[in-house]
Amino acid sequence: MTEESFESFKNSFSYGSRTDLNFKFLKSLSNEASAQFFQELLWKLGDALDDGNYDRLVEHVYEWQKQGYEGATQWAYDSGPFAKLQKPLSETKIGLLTSTGHFVEGDDPEPFGVVNMSQEEAIDRISEFVKAKPELSAIPMETPHEQLRARHGGYDIRGVEVDSNVALPLERLRELTSEGIIGELAANAYSFVGATSQMRLLKQAGPAWVELFQKEQIEAAILIPV
Amino acid sequence: MSVGHVARLLEDVGIATVIISAQAFRPRLEVMTLPRLLLTPHVMGRPVGAPHDQARQRETLLAALDLLETAQAAGTIVELGGSYRP
């Protein structure tokens, strides 16, 4: 039996034998940095055995996720468009768009023609998703959590499965609207799988989505990436 | 990043946007000169807050809505204080 190297071990969390998308960032870290991550994690776990403070573990993961995502990107712009709100929020129609891969039960976008694709299959096929044109799912703002589904091979969906509001905050937005803080919600929220062809998003899907938002007279929008 | 592109497209036609993102994505988002960006000190996949932490989720959304109203130019970035507590 061939021994597994530490490098192979830490890389296995990123689309490998131990895939855990919370920790896929380990692949981008050096072996030394990854070893430090694990050493400190275990030390803090040891402390928690005595004082019950597990918050430091959450903090540890948070800090190292930030480290893991440092680095260059090709999508850099020196300037950007800016539109001011034309009316107070309390009179504004707000939309929501997330890249969380949400859809309503019974309205599966069936990526690549696959019926009931599992999250595991989405992870296995991530390389196909990042070349594909994104598909937008409409989610009525009144949809309860129990009718929501998420499938996205690029992030850990356990949080949204427990409470969709962690990234698709329909319930919270409904509350803010009923309180009058938001004037009106769009009829639908929208979601897509953010692991997608950026060029196809920019040139094909994006412009169509803008037309959709205009048609629905959405005046401002909250966008949430994962 | 994907929503960054969409935000820029929407702003081009006069639809104001605000992005709520976990801090981990800051390097990728800040270089896109996005209209409004709220960075949260939350673990990835839970940018609005921890499951069932309704108060925190509400706090995050209110901060984003405030940014919609108060930002004056593209490239406005606000970091939400506090922490992620499941």
Side-chain angles (χ1 to χ4, degrees), chain A residues 21-22 55 58-59 61-62 65-66 68-71 73 75-85 88-89 97-99 134 155-160 162-163 165-167 169 172-173 175-176 181-182 192 194 196 198 201-202 206-207 209-210 213-214 218-226, chain B residues 1-29 31-36 38 41-54 57-58 60-62 64-66 68-69 71-76 83-86:
Chain A
L21 298 177
N22 282 316
D55 287 345
V58 174
E59 186 70 18
V61 171
Y62 166 69
Q65 283 181 342
K66 284 197 300 181
Y69 279 84
E70 290 175 354
T73 172
W75 302 104
Y77 303 94
D78 292 331
S79 62
F82 187 80
K84 293 203 76 170
L85 274 187
L89 267 174
L97 173 73
T98 76
S99 60
Y155 79 104
D156 179 67
I157 64 170
R158 284 177 287 180
V160 295
V162 172
D163 178 4
N165 290 289
V166 306
R172 302 287 87 78
L173 287 174
E175 291 163 357
L176 292 172
I181 294 172
I182 293 172
F192 68 105
T196 188
Q198 299 298 289
L201 171 64
L202 261 175
W209 298 354
V210 170
F213 274 49
Q214 289 176 303
I218 293 170
E219 296 166 313
I222 298 171
L223 280 60
I224 303 179
V226 284
Chain B
M1 292 188 66
S2 297
V3 295
H5 296 309
V6 181
R8 291 174 59 94
L9 290 172
L10 289 170
E11 296 272 340
D12 267 338
V13 300
I15 298 174
T17 65
V18 59
I19 290 176
I20 301 174
S21 170
Q23 274 274 12
F25 287 136
R26 177 170 195 147
R28 299 184 184 187
L29 291 173
V31 297
M32 295 185 78
T33 312
L34 297 167
R36 304 165 187 79
L38 177 72
H42 302 154
V43 293
M44 300 180 75
R46 297 96 174 148
V48 182
H52 306 310
D53 190 351
Q54 297 182 16
Q57 294 167 6
R58 175 187 173 90
T60 300
L61 285 170
L62 286 173
L65 292 171
D66 181 72
L68 263 178
E69 286 196 303
Q72 296 298 312
T76 302
S83 58
Y84 180 90
R85 290 292 178 260

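Predicted model, so just to flag it, every value in this text is computed and none were measured. Within every chain, numbering begins at 1; the chains are lettered A, B, ... in the order of the sequence lines, protein sequences first and strands thereafter.
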With sequence neighbours left out, which residue pairs that include part of residues 2-26 of chain B fulfil the salt bridge (charged side-chain N to carboxylate O under 4.0 Å, His left out) condition?
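Residue pairs passing salt bridge (charged side-chain N to carboxylate O under 4.0 Å, His left out), neighbours aside: B:E11-B:R36, B:R26-B:E30, B:R26-B:E79.
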
Just wondering, do B:H42 and A:V166 contact through their side chains at under 4.5 Å, heavy atoms?
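No - every pair of side-chain heavy atoms lies 4.5 Å or more apart.
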
Between the side chain of B:T33 and the main-chain N/O of A:G80, is any donor-acceptor distance below 3.5 Å?
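Pair absent, no side-chain N/O of B:T33 close to backbone of A:G80.
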
Identify which of [options] forms the greatest number of heavy-atom pairs closer than 4.5 Å to chain B.
| options | result |
| --- | --- |
| A:Q65, A:E175, A:Q214, A:K66 | A:Q65 |
| A:I181, A:L201, A:L21 | A:L201 |
| A:L89, A:V58, A:L85 | A:L89 |
| A:L176, A:T196, A:L173 | A:L176 |
| A:A76, A:S79, A:S99, A:P169 | A:S79 |

Between [X] and [Y], what is the shortest heavy-atom contact and its length?
| X | Y | answer |
| --- | --- | --- |
| B:G45 | A:V160 | O-CG1, 4.2 Å |
| A:W75 | B:M32 | O-CG, 3.2 Å |
| A:V162 | B:P51 | CG1-CB, 3.7 Å |
| B:S2 | A:G194 | OG-O, 2.7 Å |

For residues 219-226 of chain A, which side-chain donor-acceptor pairs fall under 3.5 Å, sequence neighbours excluded?
unit_1	atom_1	unit_2	atom_2	d
A:E219	OE1	A:K87	NZ	3.4
A:E219	OE1	A:K93	N	2.7
A:E219	OE2	A:K87	NZ	2.7

Side chain, backbone, both or neither of [X] within contact of chain A (heavy atoms, under 4.5 Å):
| X | value |
| --- | --- |
| B:A71 | both |
| B:R85 | side chain |
| B:Y84 | both |
| B:A22 | neither |
| B:P86 | side chain |

With a 4.5 angstrom heavy-atom cut-off, could you sort out which part of [X] is near chain B: side chain, backbone, both or neither?
| X | result |
| --- | --- |
| A:P134 | neither |
| A:Y155 | side chain |
| A:D156 | both |

Distance in Å, [X] [atom1] paired with [Y] [atom2], rounded so as to fall on 0.5 Å steps:
| X | Y | atom1 | atom2 | value |
| --- | --- | --- | --- | --- |
| B:L10 | A:I218 | CG | CD1 | 8.5 Å |
| A:D163 | B:H52 | CG | NE2 | 5.0 Å |
| B:L65 | A:I182 | CG | CD1 | 4.5 Å |

What option among [options] has the most heavy-atom pairs under 4.5 Å with chain A?
| options | result |
| --- | --- |
| B:L68, B:D53, B:L38 | B:L68 |
| B:T76, B:I19, B:V43, B:V18 | B:V18 |
| B:G14, B:S83, B:A73 | B:A73 |
| B:T60, B:L62, B:V48, B:L34 | B:V48 |

